[in-house]
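Everything on this sheet refers to the single structure shown next.
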Amino acid sequence: QESTNVFFSLYAQRNTPIADLIFSKCYSEFFPQEKLEALYSKVVAIFAGDPSAKDADYLADELQVRALLVTPHDGLWEAPGKIGSRFPMKEETADFRVYWREK
């Protein structure tokens with residue numbers, strides 16, 4: 001619903017480095033569109049809330065995510081599901097939660 005630009009991650013209501021599918025494509029020019037859309041959809045579903053331990057494993061092992069920044073705009077805020085199985089929460093304020101994995 002908001003236009004994509006380089007500064008989206010700094011000034012949007014949602015502080016993410018890859019904020020939407022179009023922005024993702026800009027940094028994944030040679031990645032097949034079908035795979036990019038599947039990857040994007042899976043990450044969106046995880047941030048929608050109530051992820052399984054398998055979803056946490058996917059982030060940690062497949063995508064090699066080291067940290068997650070969650071805001072009240074994310075479903076993950078109210079329904080963290082099993083994200084803590086790989087990303088124990090380390091810091092929390094009224095505006096954000098940071099989860100990161102040990103290794």
### Task
For residues K82 and A53, report the shortest heavy-atom separation together with the two atoms involved.
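Heavy atoms only, the tightest pair is CB-N, 3.3 Å.
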#### Entry: Where A79 and P51 come nearest, the two heavy atoms and their spacing
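Heavy atoms only, the tightest pair is O-CD, 3.7 Å.
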#### Entry: Which residues share a salt bridge (charged side-chain N to carboxylate O under 4.0 Å, His left out) with E92, sequence neighbours left out
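R97.
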### Query
salt bridge (charged side-chain N to carboxylate O under 4.0 Å, His left out) with E102: which residues, sequence neighbours excluded?
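Partners of E102 under the salt bridge (charged side-chain N to carboxylate O under 4.0 Å, His left out) test: K90.
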### Query
How would you list, by chain and number, every residue that makes a side-chain contact (heavy atoms from CB on, under 4.5 Å) with S41, sequence neighbours excluded?
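With neighbours one apart ignored, the set is empty.
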### Contacts of A48 that satisfy side-chain contact (heavy atoms from CB on, under 4.5 Å) - sequence neighbours left out
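Partners of A48 under the side-chain contact (heavy atoms from CB on, under 4.5 Å) test: none.
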Would you say [X] and [Y] make side-chain contact, with heavy atoms under 4.5 Å?
X   : Y   : value
P80 : Y99 : yes
V43 : L63 : yes
T71 : F47 : no

### Message
As an exercise, state the distance from CD1 of I46 to CG of L68, rounded to the nearest 0.5 Å.
### Response
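Going from CD1 on I46 over to CG on L68, the span is 8.5 Å.
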### Query
Considering residues at least two apart in sequence or located in another chain, which fulfil the side-chain hydrogen bond (donor to acceptor under 3.5 Å, both in side chains) criterion with E37?
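So E37 forms a side-chain hydrogen bond (donor to acceptor under 3.5 Å, both in side chains) with Q33.
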### Message
Going by salt bridge (Lys or Arg N to Asp or Glu O under 4.0 Å), name the pairs with one or both residues in residues 46-73, residues two or more places apart or in two chains.
### Response
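Qualifying pairs, neighbours excluded: D57-R86, D61-R86.
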